[in-house]
Structure formats: C-alpha cells, structure tokens
Amino acid sequence: MTVLLREAIGDRLRHARTTQRRTLREVSRTARVSLGYLSEVERGRKEASSELLAAICEALDLPLSELLHLVASDIGAVQRPVPTPAELTERAPASASAGLEGGTMVPAVIGNDLSDLRLQPVLTHRLSTSISKPRNAVVAA
C-alpha cells in the first residue's frame, strides 16, 4: 500500500485542527491561507510548500518538526511489512525455541476457547503469550 506524503500531511493537519476544535475558516485566517486551499491541503489534494506548511503549523501551534515526525511515523507504520511467523522464528535466537514442545491448551481450565489467550509483542520481535482463567470457569480437579 502506497501512502502519498501530501495525504499523510493533510490527515495530520486536519487531526490537529479538529482536536483543537477549530474551524477551517479560523485556521485559514490565522495562517493567511485561503480557506479552499487549506481544505485541499487537508484532503491531500494539494502539495503545500514549506512556507505554507510553516504558516499552517504556526496557526495550529504545532511545531513543523513534530508534524513531520508524526507523518514519518504514520508512513513507516503503513509501509512496514508485517513479519510472517516463519520470519519471526528465523529471527528468534536458538535458545528461545529450545525445549519447546507442542501440546494442548490446558483443556481442564479453558477448553478450546481462545478468547482468554493474549499475545503480547516483545521488543525482540517474538510473541509471548499469557493465558488467564475465564471469569466464570470451573476448574476441573
């Protein structure tokens, strides 16, 4: 999926404006930009010049550097490929998988219900799991 820079910038500018509960008219007056042009920039239809971006950011009390950082993060999140389980296994150190064997989900506690299985990402790109007992479950002896 390709994200256009002008669309990502427009999304962030609109988000900043609406979060502040300000109208297009108010921001366009403060930034000295026509209302129609600001609308086009927010919708990602027009590429704003650096001078225009600086004026809009100033009107929104949003540092230009912060806007660009947020936009870069947004684009990076969309373009970053999600690793497959095979890729995660390849990246994991050998000691991480040593001693692990296949088995069953603790049937006496949760049966085959996976609603209480939580996957938590770990910084090493491996997934760790935790299983909690269902709220109304009866533990078989």
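- In terms of modelled atom types and a separation under 3.5 Å, the side chain of Arg6 and the main chain of Lys46 share no donor-acceptor contact.
- Taking the side chain as every heavy atom from C-beta outward, Leu53 and Leu67 approach each other to under 4.5 Å.
- Here His69 contributes atom NE2 and Asp74 contributes atom CG; the two are 9.5 Å apart, rounded to the nearest 0.5 Å.
- Under the 4.5 Å side-chain heavy-atom criterion for Ile, Leu, Val, Met, Phe, Trp and Tyr, Val3 and Leu70 are members of distinct hydrophobic clusters.
- A continuous path of hydrophobic side-chain contacts links Leu5 to Leu68 [ILVMFWY only; heavy atoms under 4.5 Å].
- Evaluation of the side-chain hydrogen bond (donor to acceptor under 3.5 Å, both in side chains) rule for Arg29 yields no partner, not counting sequence neighbours.
- Crowding of Gln20 atom CD: a count of heavy atoms from other residues, nucleotides or ligands under 6.0 Å exceeding 12.
- A distance of 10.5 Å separates CD1 of Ile9 from CG of Leu4, quoted to the nearest 0.5 Å.
- Leu38 approaches Val33 most closely through the heavy-atom pair N-CG1, 4.1 Å.
- The distance from atom CZ of Arg43 to atom CD of Glu7, rounded to the nearest 0.5 Å, is 12.0 Å.
- The two atoms that bring Ala59 and Val27 nearest to each other are CB-O, 4.0 Å, heavy atoms only.
- Residue pairs meeting the salt bridge (Lys or Arg N to Asp or Glu O under 4.0 Å) criterion with at least one partner in residues 14-24, sequence neighbours excluded, are Arg14-Glu42, Arg17-Glu42, Arg22-Glu26.
- At least one side-chain heavy atom of Leu52 sits less than 4.5 Å from a side-chain heavy atom of Val41.
- Under the rule for a side-chain hydrogen bond (donor to acceptor under 3.5 Å, both in side chains), Glu66 has no partner lying at least two apart in sequence or in another chain.
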